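Here is the naming used below: chain letters follow the sequence lines, and residue numbers restart at 1 for every chain. Note that the structure is predicted; figures quoted are calculated from it, not measured.
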Amino acid sequence: SSDADGASGTPEKITLDYAYYSPTSLVLKEKGFVEEVFGEEVEVEYVLSQGSNKALEFLNSSSVDFSSSAGAAALMSKANGAPVETVYLYSKPEWTALVSGKDSGIDSVEDLRGKKVAATLGTDPYIFLERALKKHDMSTDDIELVNLQHPDGASALSNGDVDAWAGLDPHMAREELESGANLFYRDADLNTYGTLNTRTEFAENNPDVVKKVIEAYEKARQFAIDNPEETAEILAAEAELDLEVAKQSLERNDFSNAVPNQDVIDTITAAGDVLQDVEVIDQEADIDALTEEMINPSFAEEVIE
Amino acid sequence: MLAVEKVSRWFDEKKAGFQHVNLQLTKGEVIGVLGTSGCGKSTFLRVLSGLDEGYEGRIHSKKKNPSIGMMFQEPRLMPWLTVFENVLFGDDGSKKKEASELIDIVGLGGFENHFPKDLSGGMAQRVAIARSLLHNPDLLMLDEPFSALDAFTKLQLQELLLSIWETKPSTSILVTHDIDEALYLCDRILIMRGQPGEVESELVVDKPKPRHRGDRDLADMKEEILKELDFTND
Amino acid sequence: MLAVEKVSRWFDEKKAGFQHVNLQLTKGEVIGVLGTSGCGKSTFLRVLSGLDEGYEGRIHSKKKNPSIGMMFQEPRLMPWLTVFENVLFGDDGSKKKEASELIDIVGLGGFENHFPKDLSGGMAQRVAIARSLLHNPDLLMLDEPFSALDAFTKLQLQELLLSIWETKPSTSILVTHDIDEALYLCDRILIMRGQPGEVESELVVDKPKPRHRGDRDLADMKEEILKELDFTND
Amino acid sequence: MTIRTNTATLPASKKKKSKKKSLPFTDWWAGLLLPVVLIIIWETASRNGWVASHLLPAPTVVVEEMVTMGREGELWGHIGITLYRVLAGFVIGTAAAAILGVLTGSSKWMEKLLDPTLQALRAIPSLAWVPLFILWIGIGEASKITLVAVGVFFPVYLNLTSGIQGVDRKLIEVGRMYGFSTWKQVRKIVFPAAAPSFLTGIRSGLSLGWMFVVAAELLGTSQGLGYLMVFGQNTSSPELVIGSILLFAVFGKATDEILKRIERKSLQWQDRLDNSV
Amino acid sequence: MTIRTNTATLPASKKKKSKKKSLPFTDWWAGLLLPVVLIIIWETASRNGWVASHLLPAPTVVVEEMVTMGREGELWGHIGITLYRVLAGFVIGTAAAAILGVLTGSSKWMEKLLDPTLQALRAIPSLAWVPLFILWIGIGEASKITLVAVGVFFPVYLNLTSGIQGVDRKLIEVGRMYGFSTWKQVRKIVFPAAAPSFLTGIRSGLSLGWMFVVAAELLGTSQGLGYLMVFGQNTSSPELVIGSILLFAVFGKATDEILKRIERKSLQWQDRLDNSV
Ligand SMILES: Nc1ncnc2c1ncn2[C@@H]1O[C@H](COP(=O)(O)OP(=O)(O)OP(=O)(O)O)[C@@H](O)[C@H]1O
Ligand SMILES: Nc1ncnc2c1ncn2[C@@H]1O[C@H](COP(=O)(O)OP(=O)(O)OP(=O)(O)O)[C@@H](O)[C@H]1O
Ligand SMILES: [Mg+2]
Ligand SMILES: [Mg+2]
């Protein structure tokens, strides 16, 4: 927690977030890998993030020391002056898509014109929506964007309060399976990785802690690769989902690479450029430089090598 | 007009209030009530007016639901209304002219638009008098109406009462501490004493009105009343 | 002790209040103020006491910050305090015994624990009297202290005042509507009239106290005052 | 012809009086009438499927869920932590409001200096603080309690100052006659006279405190009734949402009732209809 | 020896009086003192990097951002829709509270029937309604305005009924002497006498209304000052958050000022210190 920022040496307590969109974090929490790595010496606390926006908010306010967000969301925060540093990838998911109700008649991005679309500002689905619209020469001015947290967006879609939703797993998987929602626009390349972030200052002052956390995450990732069944069960139990839904959502996760590499930088930079175009990121910001500065693979490289 | 039979109202386990009051009111009569402080005069008026229902005994009225006018011991003006509106209070607006006249008669001409907070004690009392005199109720009750007034204003307003009763006689009960006033205005005087108070005696003032303030008989009666009230007699 | 020079307090563009009052108070003196309703008596007391600073003229006191006691025209009891606590109001608790005695003297023994809402008008006034008499201020001002009391209670309390002044003489100003009372208690009487009120005349009552209520000279003075106040003289 | 008779042989005591006044049905079940009718309608509607159970589960379902949770023990932790947050914030907020209210109420100088700023801050809907508090203090207990305290502060402050300003000038003058110091004036006249307003303020403050604890717990908590509600919402279990709402109501009501008792007790001197014999 | 002299040749008019009382500095800048000092400290702190700008941007940055948005026009839509929601909810909530308050305040029977239910509902922190309203009414305007109305309702109702219950029995008896019907009693005595409480209630109601519009706009909106705030929060732009908070404060203050003026005007009859000449 925050008192660790200034002093070097091992802090007494570290706080991590966990999120339904990051199955690794659920495994991590459930199996106690962090406690295992640190032993008795530090206290570990978990906080639920409902979306990348919350995760980054908690990180910036020193409420958590490590937070799970989408890469582009982290960049957006960084561009606004937040001291975010990306140290690890917890997955390469295809976790977001544009979803419409079963009988809504919306089958393409063009159909969204003038419709109510739910999304969570500052998260990957929102960025995905912006980019999808951009590709089709539209913008958020052409639709009615309704800001809802991911689970609220899901229920708004099923209630018919909104016509479409920029969805996120596992809620999206549930809508897909349970109410037959239609994932009418998918593009795996527009998903910007699941990144584990910390504060720059925290990383500088506690390099050992960062490494140990990455170590724990590695254990969790390995577990998820080795035990897909049990991972699905953990996800189902935590997020109160059907096992089927959990499996569906896990299938769209790729746990093979954990070190932030050039692909990540490219993907995030591309997202950043679009966000700059649509004025979510300040015009004067230097996206390339920001991304370079934000992504720090050194810790992960050290641990995994 | 109104018959009161053995009516009592007690407070504090019969240590305060009044008790065993019998009274027959004939139409047009003016009754004075004299008594020591705290002997239950105001409470008696509250019981008669129906405000206090915790009494015992029987109150019996000839007319169904007689209209009652009451001037309380405190002015009880509505603080949010001006003098004029206060006098008109309880009226539907048809008596504006009478209200203006009454205000003039009680000597408050020019103060129509003042709020109660800007009035002197005596002025507030006069507003309350004017308010209670605007209507002609079957039964008019006045609780120490002139207590805050100087001798001359008081005399003037006593005349006002007399003249009003002359044109529109209404049965009235007047609580007062001023024996001269009671003798000058009333047909009958009740004298109360004690705690709880009881009616000690009743005095009929059998003189035609308007009376003469220096009247010999009245002076004699005053002596009598003073004796009656004197504590040293206990 | 206190010198008042050409003091005026106007309201409503000089249409109300009082004006041009001159007065010299000597220590231990008792001044009576008689006057028509609304002529500015209460306002005068408020100005003297320092509550109303909107006056003009000069008020000059020999002693620095003389202590002032005031009994207002209304009882002004604290509704959240009992009778006993109200009498003790403004005291640090050292006068509990005196307070009990005073309550008995004003005839309220047994009502110590009542709240003001459960008192009769006269009883509330007597609580206010007791409260103002608990202390011995340099200057004691009483605004119609006995207006709500019956004749006998009134006489008793007048005697009480006399006895208090005998043992601990304090300079006092007494506003009253009762001419007899003023003549019985005061060394000097101011008569005010008009709106805004002015001091019409000043009367020295040069008789040793205790006086005789039936005194011839006092009766003559009363006649004089009545003439002075009579409106028909205007 | 009208006859009014009261012929009881005993003096008209309090008891008799209230009996005389009371309506055909006694107090407590008149108050229960409406809720009971509503609950019966609700239960019937849910049981018969007139409303979808994912919108409004039957009251029995809700109660069952709560009882189960209570028996399993996890409920008590949530209740405890929420109560703690409300009480801590309430005490802090009330104390701050009382101190500042008395300061600005008793000194013109203080009022001119502080009141405009406080009024301007009051104009900020206190919920709007949430993001800033999270940013500045984090999502720990401190920020939750601060939020509750801020919520409690303003109604108490507003009611207290308006009560103080409304104190009858006549009574204040009595104190001035005794040469009271400002502080004594405040203590002996202004505060008691403003007590009814203050108590009203405290009661609305408490109810705002409960609201703010919801706001605080909606965001980044792992415990508390508010968390339970969010959890129910996120897992589409309306019985949890409604259950926690009911628990909020129960505890909000209970704490309010305590204040109400205190109010009754300390305002017996008021000359109001329901205080008379 | 003490001498008090007032020797002005004109009567002690209002003007003269207030001049005499006023402090060395005049009213308006005493009130501005504190905020100005705070803003200067804040600006200096941000400029010199004593606080991180991602936590607290300098006031000039905030104002700049707002001015830019104002010039580009997008700000006005947000302000307009928020004002509309507050006003609609305020009117509905106040009307409902006034009607129910007068009903329960004037009829014992109604009070016994309705008040317990209302008090129980009041005990539910109104924010807790948010998830249910969204579930039942959806996320459209209706649910937002209902939420604001619910927020406004309770303080108005509570203050009104407590004002009504506190009305001096002495005055009510005057009305009974005139044989007033209950309704006339209410109209001519109870309501005017309870007016100060009612107005206090309306003012706290309005301020709660502003709070609830934030709550309503935090969830599922695409427009409004609250949306702006969430947008700032989610995109880590504290200048947007603080900017919208300031706008909330400005509009909250402006609407409150209107009510305050009305209050002053209609309560001139009160015998309070600041009403005397
Ligand atoms: N605050 C005020 N604003 C305006 N006028 C006032 C104010 N206070 C008193 N007055 C006016 O000043 C005049 C004198 O009032 P004051 O109370 O001094 O009379 P008073 O001599 O005590 O009369 P009373 O014997 O009836 O008590 C009255 O006409 C009253 O209307
Ligand atoms: N609500 C009440 N509760 C308890 N005692 C009461 C109540 N009202 C009046 N009393 C008591 O009843 C007695 C009579 O009061 P009441 O007001 O009738 O006296 P009064 O004759 O009008 O006296 P005054 O001449 O002083 O006005 C008093 O002792 C008073 O304390
Ligand atoms: Mg009486
Ligand atoms: Mg006077």
Go through the atoms of C:F146 and report whether side chain, backbone, both or neither lie under 4.5 Å from a heavy atom of chain B. neither
Checking heavy atoms, do the side chain of B:D178, its backbone, both or neither come under 4.5 Å from chain C? neither
Is it true that B:R188 and B:E29 make a salt bridge, defined as a side-chain N closer than 4.0 Å to a carboxylate O? yes
With a 4.5 angstrom heavy-atom cut-off, is it the side chain or the backbone of C:D143 that approaches chain B, or both, or neither? neither
Could you check which of B:K15, B:R126, B:K41 has the highest count of heavy-atom pairs closer than 4.5 Å to chain C? B:R126
Tell me if a side-chain donor or acceptor on B:E85 pairs with a main-chain N or O of B:T82 at a distance below 3.5 Å. yes
Measuring from B:Q158:CD to B:L149:CG, what's the distance to the nearest 0.5 Å? 9.5 Å
Less than 4.5 Å to any heavy atom of chain B: does that hold for the side chain of C:Q125, its backbone, both, or neither? neither
Say whether C:S42 and C:Q73, considering side chains only, have a donor N or O and an acceptor N or O under 3.5 Å apart. yes
Which of the residues C:C39, C:G35, C:S37 is involved in the greatest number of heavy-atom pairs with chain B at under 4.5 angstrom? C:S37
So, B:S8 and B:E56: side-chain donor and acceptor under 3.5 Å apart, yes or no? no
Under the 3.5 angstrom rule, does the side chain of C:R76 hit a backbone N or O of C:F72 as a donor-acceptor pair? no
Measure from NZ or CZ of C:R213 to the centre of the six-membered ring of C:Y184 and say whether it is under 6.0 Å with the direction within 45° of the ring axis. yes
Taking C:S120, C:G40, C:S147, C:G122 one by one, which has the highest count of heavy-atom pairs under 4.5 Å against chain B? C:S147
Atom group of B:Q195 that falls short of 4.5 Å from chain C, counting heavy atoms: side chain
If you count heavy-atom pairs within less than 4.5 Å of chain C, which of B:A148, B:A151, B:A16 leads? B:A148
